[in-house]
Amino acid sequence: MKVEHIGIAVQSLEEADRLFSILFKKTPYKHESVESEAVKTSFYQMGETKVELLEATADTSAIARYVEKKGSGMHHIAFEVEDIREEMERLKKEGIRLLNDEPKRGADQKMICFLHPKDCGGVLVELCQTIQEA
Ligand code: CO
């Protein structure tokens, strides 16, 4: 549907917030920890889309491994979909590998699924669907 957000891996959220607040001329609209992913995040609204900064909170986090290998930088691009399960099913049939078989809970009221970067032109792609709270 649209680019929902762009994920940037950082070493220190505090330092990155300082930098990006200057670059974007605005403060993050939220900070959120996602324990299952061992990350803490901050979100900036940039018009229609958002920027998500991610700092690892444990060595086991995918973000920790990424930052260790490559340093801070662009980590993933997230596309919003209407029905994440349907889209996962569709892409799987097309031979795209999913990094999780079931949608998992992400930050910012989302169900998410990552696609294998090797099947997406070297880009880590996240699918996300907004959770409608009753
Ligand atoms: Co994300």
Side-chain angles (χ1 to χ4, degrees):
M1 277 159 58
K2 65 167 186 183
V3 174
E4 212 283 331
H5 64 269
I6 292 164
I8 297 176
V10 304
Q11 211 121 36
S12 153
L13 202 56
E14 207 184 311
E15 267 173 49
D17 268 336
R18 252 199 308 274
L19 171 65
F20 283 94
S21 295
I22 293 167
L23 290 174
F24 298 156
K25 245 175 131 183
K26 60 173 72 177
T27 50
Y29 69 88
K30 76 149 79 173
H31 284 107
E32 185 179 344
S33 292
V34 184
E35 245 146 76
S36 56
E37 298 291 299
V39 292
K40 50 183 186 176
T41 66
S42 62
F43 280 87
Y44 295 79
Q45 188 72 47
M46 305 299 293
E48 277 269 292
T49 189
K50 300 162 186 162
V51 169
E52 172 187 34
L53 304 181
L54 304 116
E55 180 196 325
T57 55
D59 294 344
T60 49
S61 158
I63 295 298
R65 292 197 299 273
Y66 181 91
V67 169
E68 199 188 327
K69 263 207 275 188
K70 304 190 178 165
S72 64
M74 265 273 303
H75 182 256
H76 65 270
I77 182 160
F79 295 96
E80 178 149 49
V81 297
E82 227 152 335
D83 183 335
I84 195 166
R85 284 176 191 277
E86 197 181 291
E87 200 58 15
M88 286 165 70
E89 227 14 78
R90 183 183 76 84
L91 292 168
K92 211 159 137 181
K93 281 198 195 117
E94 295 288 348
I96 310 284
R97 284 166 288 173
L98 312 176
L99 296 190
N100 44 293
D101 285 327
E102 282 293 308
K104 54 186 182 176
R105 181 82 197 231
D108 207 30
Q109 302 280 95
K110 298 281 189 287
M111 294 305 292
I112 64 171
C113 175
F114 284 100
L115 310 180
H116 201 299
K118 289 225 165 91
D119 297 340
C120 301
V123 177
L124 179 58
V125 171
E126 173 188 331
L127 304 178
C128 63
Q129 178 187 345
T130 303
I131 300 165
Q132 311 290 357
E133 284 324 296

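Order of appearance sets the numbers: ligands from 1, and atoms from 1 within every ligand. Only a predicted model underlies this, so the values are computations on that prediction, with no experimental measurement involved.
Here the N, O or S atom of E52 that is nearest to the Co ion (ligand 1) is OE1. E126 has its closest N, O or S atom to the Co ion (ligand 1) at the position named OE1.
Metal site remark for the Co ion (ligand 1): E4 contributes no N, O or S atom at a distance under 2.8 Å. One of the N, O or S atoms belonging to H5 lies under 2.8 Å away from the Co ion (ligand 1). At least one N/O/S atom of H76, from backbone or side chain, sits under 2.8 Å from the Co ion (ligand 1).
Judged by distance alone, with hydrogens and angles left aside, the side-chain atoms of E55 form a donor-acceptor pair with the main-chain N or O of L13 at under 3.5 Å.
With respect to the salt-bridge test (charged N to carboxylate O, under 4.0 angstrom), the residues E102 and R85 qualify. Using a 4.0 Å cut-off between charged side-chain N and carboxylate O, K104 and E37 make a salt bridge. Ion pairing between E32 and K40 fails under the 4.0 Å rule for side-chain N and carboxylate O. Between R65 and D59 no salt bridge is recorded (no basic side-chain N to carboxylate O distance below 4.0 Å).
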